[in-house]
Enquirer: 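This is the structure I have questions about; it appears just below.
Small disclaimer: the values here were computed from a predicted structure and weren't measured. Every chain is numbered from 1, with letters handed out A, B, ... down the list of sequences.
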Protein chains: 2
Amino acid sequence: MLELEHTDVPGGVAGELPNRCGDVSQVLARVGDKWTVLVVMMLAAGPMRFNALKRRIGKVSQRMLTLTLRGLERDGLVSRTVFPTVPPRVDYELTPLGRSLQTPVVALGEWAFANLDAMNEARRDYDARREDL
Amino acid sequence: MLELEHTDVPGGVAGELPNRCGDVSQVLARVGDKWTVLVVMMLAAGPMRFNALKRRIGKVSQRMLTLTLRGLERDGLVSRTVFPTVPPRVDYELTPLGRSLQTPVVALGEWAFANLDAMNEARRDYDARREDL
DNA sequence: CTGCATCCAGAGCGATACTG
DNA sequence: CAGTATCGCTCTGGATGCAG
């Protein structure tokens, strides 16, 4: 997890964000890990069982899905409901907090979609320039 | 870097985001790393020299700042200008693409700021519940 | 001042096997 | 079906030292 000094930003980041960059980073550490966003996106469709989720995401290990879900549950973004049946059944569902996270994440996703070509081109150019040394 | 299967999402993530979750993840891998967002935020104030940037951020190693800046430069988010003086001077500055990234990142930052208390409380509750086993 | 190279500890994560 | 435990690899990232 991140832990930053309280570096006071004088300017003010486009005049909007308070100088609590540590907070932003902390949340980004949660959101930025390998599977969190995928899980949140998948759960947007509604409650889902463990293996359904696993199949949807595709190439996630059972271990990592469990860990990611535990983390999200701990942060209050996902709720976990156990049905004491046999075989056991566990449903995962976004909490209101988790659903509210979708708004900024979707915004980021739209930025990603809109600018992916530009980024790929920039990368190609950069790599090409680095080859003729 | 992430590399996901092309898992087609039928539902559609709140009906907004296309089923290109891979793209989102790829960008998140860039944005989600430890220093990227901090650097972008700092550069929001305007062009900055290497050490000025380093001092602003505070507890970043020289190595990681260099690596982060190279990555951002490669992705076309930051431009690097060398002044062939002595001692050498290098200015880093957000490109238009980099500046456009601020919008969604600031949105995420505002979400973080608004919901940090809720998340911390959720964590406390979760940890407390786990203690009385 | 800037920025590479090296070394090294630790985190992240996948594969596998096992339990209720 | 859901979850835990263990192993081992890779990658991150911090510290240090050297060079233009």
Side-chain angles (χ1 to χ4, degrees), chain A residues 1-5 25-26 28-39 42-43 47-75 78-93 126 129-130 133, chain B residues 1-5 25-26 28-39 42-43 47-75 78-93 126 129-130 133:
Chain A
M1 199 58 87
L2 295 176
E3 191 180 337
L4 301 166
E5 245 175 47
S25 296
Q26 186 184 337
L28 252 116
R30 169 102 296 270
V31 163
D33 84 350
K34 198 169 181 180
W35 302 110
T36 294
V37 168
L38 273 302
V39 170
M42 292 308 170
L43 286 178
M48 214 172 295
R49 305 182 54 164
F50 185 90
N51 272 347
L53 207 46
K54 183 156 164 21
R55 255 174 283 117
R56 277 280 196 96
I57 296 178
K59 49 198 316 183
V60 63
S61 66
Q62 192 180 31
R63 170 190 153 80
M64 287 320 296
L65 183 53
T66 302
L67 289 179
T68 302
L69 286 168
R70 286 294 171 281
L72 288 169
E73 189 193 356
R74 191 171 106 100
D75 288 354
V78 159
S79 68
R80 178 171 176 272
T81 314
V82 181
F83 299 87
T85 60
V86 47
R89 161 183 179 159
V90 181
D91 271 21
Y92 291 94
E93 183 177 11
Y126 183 90
R129 250 177 283 121
R130 299 232 83 217
L133 307 170
Chain B
M1 197 58 85
L2 295 177
E3 191 180 337
L4 301 165
E5 246 175 47
S25 295
Q26 186 184 336
L28 252 115
R30 170 103 294 274
V31 163
D33 84 349
K34 199 170 180 180
W35 302 110
T36 294
V37 168
L38 274 302
V39 170
M42 293 305 170
L43 287 178
M48 214 172 297
R49 304 182 55 166
F50 186 89
N51 271 350
L53 208 44
K54 182 154 166 19
R55 254 173 285 117
R56 278 280 197 96
I57 296 178
K59 50 197 315 182
V60 63
S61 66
Q62 191 180 36
R63 170 190 154 81
M64 287 321 296
L65 184 53
T66 302
L67 288 178
T68 302
L69 286 167
R70 287 294 170 281
L72 288 169
E73 189 192 356
R74 191 172 106 100
D75 288 354
V78 160
S79 67
R80 179 170 175 272
T81 316
V82 181
F83 300 86
T85 59
V86 47
R89 161 185 179 158
V90 181
D91 271 22
Y92 292 92
E93 183 177 10
Y126 183 90
R129 250 178 282 119
R130 299 231 85 218
L133 305 170

Enquirer: Consider the side chain of B/Thr66, meaning its heavy atoms from C-beta on, and name the nucleotide among D/dG3, C/dG3, C/dC1 that approaches it most closely.
Expert: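 Nearest to the side-chain atoms of B/Thr66, counting from C-beta on, is C/dG3.
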Enquirer: Show which side-chain atoms of residues 63-70 of chain A pair as donor or acceptor with protein atoms under 3.5 Å away, not counting sequence neighbours.
Expert:
from    : atom 1 : to      : atom 2 : distance (Å)
A/Thr66 : OG1    : A/Gln62 : O      : 3.0
A/Thr68 : OG1    : A/Met64 : O      : 2.7
A/Arg70 : NH1    : A/Tyr92 : OH     : 3.4

Enquirer: How long is the line joining CG of A/Leu65 and P of C/dA15, in whole Å?
Expert: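 Spelled out: CG on A/Leu65 to P on C/dA15 is 14 Å.
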Enquirer: May I have the distance from B/Asn51 (atom CG) to C/dC1 (atom P), rounded to whole angstrom?
Expert: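 One finds 5 Å between P of C/dC1 and CG of B/Asn51, rounded.
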Enquirer: Sequence neighbours left out, what passes salt bridge (charged side-chain N to carboxylate O under 4.0 Å, His left out) with A/Arg80? Give chain and number order.
Expert: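 Result, salt bridge (charged side-chain N to carboxylate O under 4.0 Å, His left out) vs A/Arg80: none returned.
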Enquirer: Provide, to the nearest angstrom, the distance between the CG atom belonging to B/Asp33 and the P atom belonging to D/dG13.
Expert: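 Value for this atom pair: 6 Å.
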Enquirer: Can you tell me if A/Tyr92 touches the phosphate of D/dC1, counting only side-chain N or O atoms and a distance under 4.0 Å to OP1 or OP2?
Expert: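 Looking at the OP1 and OP2 atoms of D/dC1, neither is under 4.0 Å from any side-chain N or O of A/Tyr92.
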Enquirer: List in numerical order all residues of residues 78-86 of chain A for which some heavy atom is under 4.0 Å away from an atom belonging to DNA chain C.
Expert: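 Close to the strand, none.
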Enquirer: Nearest whole angstrom, please: distance from the P of D/dT12 to the CZ of B/Arg70.
Expert: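 In whole Å, D/dT12 P lies 17 Å from B/Arg70 CZ.
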Enquirer: Applying side chain to side chain contact (heavy atoms under 4.5 Å, CB included), name anything that partners B/Pro47, two or more places apart in sequence or on another chain.
Expert: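 B/Pro47: side chain to side chain contact (heavy atoms under 4.5 Å, CB included) contacts with B/Asp91, B/Glu93.
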Enquirer: Between B/Pro87 and A/Val60, which is nearer to the 5' end of DNA chain C once each is assigned its nearest nucleotide?
Expert: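 Whichever sits nearer the 5' end wins; that is B/Pro87.
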Enquirer: Give a yes/no on whether any side-chain N or O of A/Lys34 is located under 4.0 angstrom from OP1 or OP2 of C/dG14.
Expert: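 The answer is yes; a side-chain N or O of A/Lys34 sits under 4.0 Å from OP1 or OP2.
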Enquirer: Report for the helix from C/dC1-D/dG20 to C/dG20-D/dC1: angle between first-end and last-end helix axes, five pairs each, rounded to 10 degrees.
Expert: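 Here the local axes at opposite ends form an angle of 40°.
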Enquirer: Between B/Leu67 (CG) and D/dT12 (P), how many Å, whole number?
Expert: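 In whole Å, D/dT12 P and B/Leu67 CG are 9 Å from each other.
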Enquirer: For A/Trp35 and A/Lys59, which heavy atoms make the closest approach, and how far apart are they?
Expert: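 Scanning both residues, the minimum pair turns out to be CH2-O, 3.4 Å.
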Enquirer: What distance separates A/Ser79 OG from A/Leu43 CG, expressed to the nearest 0.5 Å?
Expert: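 Here the rounded value is 9.0 Å.
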Enquirer: Would you mind reading off the distance between B/Phe50 atom CZ and C/dC1 atom P, rounded to a whole angstrom?
Expert: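 So the two atoms are 11 Å apart, to the nearest Å.
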Enquirer: Tell me, with the steps shown, if B/Thr81 and B/Val90 meet side chain to side chain contact (heavy atoms under 4.5 Å, CB included).
Expert: CA-CA 6 Å; B/Thr81 316; B/Val90 181; over 6 Å; no
Enquirer: How many Å lie between CH2 on B/Trp35 and P on D/dG13, as a whole number?
Expert: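 That distance rounds to 9 Å.
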Enquirer: Please name the pair of heavy atoms, one in B/Met42 and one in B/Met48, separated by the smallest distance, quoted to 0.1 Å.
Expert: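 Minimum heavy-atom separation between B/Met42 and B/Met48: O-CE, 3.3 Å.
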Enquirer: Given 3.5 Å as the limit, does a donor-acceptor pair link the side chain of A/Asp33 with the main chain of A/Thr36, or not?
Expert: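 Yes; at least one donor-acceptor contact below 3.5 Å.
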Enquirer: Any chance you could measure B/Ser61, atom OG, to B/Lys34, atom NZ, to the nearest 0.5 Å?
Expert: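 The distance works out to 8.5 Å.
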Enquirer: Could you check how far CG of B/Leu69 sits from P of D/dG13, rounded to whole Å?
Expert: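 Taking atom P of D/dG13 as the reference, CG of B/Leu69 is at 14 Å.
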Enquirer: Using a 4.0 Å heavy-atom cut-off to protein, can you give one letter per nucleotide of nucleotides 15-20 of chain D, 5' to 3': B if the base is in contact, S if only the sugar-phosphate is, - if neither?
Expert: B-B--B
Enquirer: Nearest 0.5 Å please: distance from the CZ atom of B/Arg74 over to the OH atom of A/Tyr126.
Expert: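 One gets 8.0 Å once the value is rounded to the nearest 0.5 Å.
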